[in-house]
Amino acid sequence: MADFFHPDRLQKLEELRTAGTDAYPAQVPYPGRELAATLLAQAEELQGQQVVLCGRVLGRRGYGKLAFLDVHDQSGRIQVCLQKDKLSEEDFARLKQLNLGDVIAVQGEMSKTKVGEDTVFGTGWTMLTKALENPPSDKTQGLTDGELRARRRYVDLFVNEDVRDAYLRRGKIIQAMREVFLQHDYAEVDTPVLHPIYGGANARPFSTHHNALDMELFLRIAPELYLKRLLVGGMERVFEFARVFRNEGVSMRHNPEFTMVEFYQAYTDVEGMMTLTEELVLAAAEAAELPLEEGATTPTRLATFRGETFRLGAPFERLRYADTFREHVGCDPQDREAILAKLQEQGIDAPGEGDYNYWKAVNALFEEHVEPTLRGPVFVYDYPAAICPLAKPLANDPTWAGRFEFFLGGMELANAFSELNDPQLQLEKFEEQVQDIDPEAPNQVDMDYVRALAYGLPPAGGCGIGIDRLVMVLLGVDSIRDVLLFPHMRPETEGPAQA
RNA sequence: GGGGGCAUAACUCAGUUGGUAGAGUAGUUGGCUUUUAACCAAUAAGUCCCAGGUUCGAGUCCUGGUGCCCUCACCA
């Protein structure tokens with residue numbers, strides 16, 4: 001069963017214990033601790049000085065009366081040299097029990113080897129954690145199998161430096177976006193993850209059950225409706241980095257749980273959201289340390305994603321939905337006759353009765369013909385009002401609603417509205433949705449949200465940005481799996497079949 | 001859910017027309033006081049994803065299943 005307790009290592013562990021050594025001590029027996037990167041950076045000043053280093057041994061060369069170790073910590077790697085005549089007899093003998101993958105502490109003197117490499121010349125070392133499983137051993141390849149890397153991310157992280165770096169950069173991107181919000185006087189909030197009624201997006205939810213209350217609950221598919229309640233309450237600028245859950249297929253762009261940042265601001269509209277989204281994306285690109293384009297008139301950073309280069313500089317391109325639709329589909333979205341002909345030509349079923357179904361069909365054509373052409377960064381704005389239940393219709397033409405979607409790298413990265421705040425119209429649209437046979441549509445009207453609107457939601461703009469996808473484009477990572485520490489996977493199959 | 005591909009030692013991979021299972025690395029043992037994928041010698045290690053089938057004989061061929069990858073569908 002526990003075949004990851006390697007027999008050879010168990011033997012070493014036994015030897016350590018026989019010698020009275022704790023293989024899992026609670027404390028580092030030496031005072032202080034320096035990171036490998038610090039030691040390397042300050043190698044000159046530290047020459048000849050005593051230092052303490054802790055980390056995992058991932059390389060070992062030379063053996064006899066001398067051993068070179070590669071010790072890795074969070075900051076990087078440094079070489080350690082352990083020599084017989086500088087160690088106690090006990091410490092030297094204990095090298096026999098040292099395997100790759102073990103975590104150790106070293107006390108020693110900073111100096112240089114004959115070939116000039118900055119190295120900690122140990123005067124003492126201790127086992128901090130005896131590893132019982134082998135780390136990946138192939139010196140040229142390491143751990144490359146995608147499935148293993150994801151399933152054993154804890155190994156992947158200490159073996160593949162670039163992976164760790166990517167996650168750290170993801171964190172920096174999020175931090176940079178948070179700072180933009182704070183600069184604009186936004187407040188960071190947390191709203192419930194367990195929703196009695198799901199809404200704010202079109203997606204199937206995960207459902208769960210509250211035992212004590214004996215009620216069905218849903219993991220949120222979006223935080224939207226709660227955040228807008230906050231605006232009703234007078235919190236005029238709020239944002240939330242929200243983990244959301246959608247019960248859908250898994251693909252290179254989809255994970256059942258993912259992170260989006262949603263933000264809402266009173267007394268602005270979709271236009272204001274466009275400006276802020278632009279600022280957020282550019283701040284994220286800067287945090288990702290994307291290279292600046294030379295000779296550009298405004299600061300422009302270059303993202304390389306799936307072999308394409310994207311120029312990120314303000315202002316982003318802006319396309320009106322109807323215009324770009326006309327260009328790529330070849331007819332006006334409001335020209336019912338032409339649209340019906342197109343649909344037939346495409347073999348798409350004729351839409352059912354009513355505006356809602358008609359515009360859903362139009363949007364199907366949009367997704368089919370226009371979205372693949374949107375490389376980005378580009379805002380598409382003024383969407384058909386009928387398919388935007390949470391967006392406010394335009395004052396001068398209620399066929400269209402104040403909404404944009406932001407595309408980059410061939411993916412939809414953001415979605416924003418001039419928030420619908422007319423409680424009666426909102427109720428109407430909710431009821432229409434509930435009647436929709438689409439299994440993705442919400443199944444009941446969130447009457448409490450309608451009531452909140454009845455108290456008065458100030459005019460507002462709101463936006464949601466898919467963090468994982470944004471990080472993919474900025475870091476040039478093809479699969480969402482590789483920007484998530486622990487992407488969703490089916491359970492590992494048991495080894496031998498049980499009788 | 002449809003189509004295609006992959007699954008062999010701890011890791012990375014070979015394995016011919018079907019004929020007793022291989023390498024490098026890591027491990028173990030021994031040697032070596034300046035290595036950088038250290039080196040030298042010896043050595044152990046596999047339910048060839050699982051279950052059936054064809055065959056004298058299956059890692060190899062067939063059927064079914066499982067996992068992963070790609071693709072389409074789904075997914076604002």
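Here is the naming used below: chain letters follow the sequence lines, and residue numbers restart at 1 for every chain.
Here ring pair (Phe, Tyr, Trp, His ring centres under 6.0 Å) pairs that include residues 361-385 of chain A, with residues two or more places apart or in two chains, are Phe316(A)-Phe379(A), Tyr321(A)-Phe366(A), Tyr321(A)-Tyr383(A), Phe379(A)-Phe404(A), Phe379(A)-Phe406(A). Within the structure, the side-chain hydrogen bond (donor to acceptor under 3.5 Å, both in side chains) test picks out no pair touching residues 47-57 of chain A (sequence neighbours left out). Sorted by first then second residue, the side-chain hydrogen bond (donor to acceptor under 3.5 Å, both in side chains) pairs that include residues 86-95 of chain A, not counting sequence neighbours, are Asp91(A)-Arg94(A).
Applying the salt bridge (Lys or Arg N to Asp or Glu O under 4.0 Å) rule to Lys84(A) yields no partners; only residues at least two apart in sequence or on another chain are considered. In terms of the salt bridge (Lys or Arg N to Asp or Glu O under 4.0 Å) criterion, residue partners of Asp355(A) (sequence neighbours excluded) are, by chain and number, Arg336(A). A search for salt bridge (Lys or Arg N to Asp or Glu O under 4.0 Å) contacts involving Lys130(A) returns Asp102(A), not counting sequence neighbours. Residues satisfying the side chain to side chain contact (heavy atoms under 4.5 Å, CB included) criterion with Asp397(A), sequence neighbours excluded, are Thr399(A), Trp400(A). Residues satisfying the ring-ring contact (aromatic ring centres under 6.0 Å, His included) criterion with Phe121(A), sequence neighbours excluded, are absent altogether.
A37(B) is unpaired under the Watson-Crick or G-U wobble criterion, no partner having all donor-acceptor distances under 3.5 Å. With a 3.5 Å ceiling on both atom-pair distances, the Watson-Crick or G-U wobble partner of U66(B) is A7(B). When both pairing distances are held under 3.5 Å, G1(B) makes a Watson-Crick or G-U pair with C72(B).
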Just the table, please: protein N/O against nucleotides 70-72 of chain B N/O, every pair under 3.5 Å.
none

Mind listing the N/O atom pairs, protein and nucleotides 9-13 of chain B, below 3.5 Å?
from, atom 1, to, atom 2, distance (Å)
C11(B), O2', Gly142(A), O, 2.5
U12(B), OP1, Thr144(A), N, 3.3
U12(B), OP1, Asp145(A), N, 2.9
U12(B), O3', Thr144(A), OG1, 3.3
U12(B), O2', Gln141(A), NE2, 2.9

(message) side chain to side chain contact (heavy atoms under 4.5 Å, CB included), that's the test. Do Phe325(A) and Leu365(A) meet it? Break it down for me.
(response) CA-CA 8 Å; Phe325(A) 185 96; Leu365(A) 288 173; 4.0 Å; yes
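Residue-level contact check: Lys112(A) touches neither bases nor backbone, having no heavy atom under 4.0 Å from any strand.
The Lys139(A) side chain lies nearest to A37(B) when the options are C68(B), U36(B), A37(B). Here the side chain of Arg151(A) is nearest to one of U29(B), U36(B), G67(B), namely G67(B). In the set U28(B), C68(B), U34(B), U28(B) carries the atom at the smallest distance from any side-chain atom of Asp8(A).
Judged by the 6.0 Å and 45° rule, Arg229(A) forms a cation-pi pair with Tyr226(A).
A heavy atom lying under 4.0 Å from RNA chain B marks the following residues of residues 98-107 of chain A, by number: Asn99(A), Leu100(A). Of the residues in residues 73-93 of chain A, Gln79(A), Gln83(A), Asp85(A) come within less than 4.0 Å of RNA chain B through at least one heavy atom, sorted by number.
Taking the six-membered ring where the residue is Trp, the centroids of Phe239(A) and Phe263(A) are separated by 6.0 Å or more.
Looking at Glu117(A), its side chain comes within 3.5 Å of the base of U36(B) through a donor and an acceptor atom.
Atom CZ in Arg490(A) sits roughly 10 Å away from atom P in C69(B) (whole-Å rounding).
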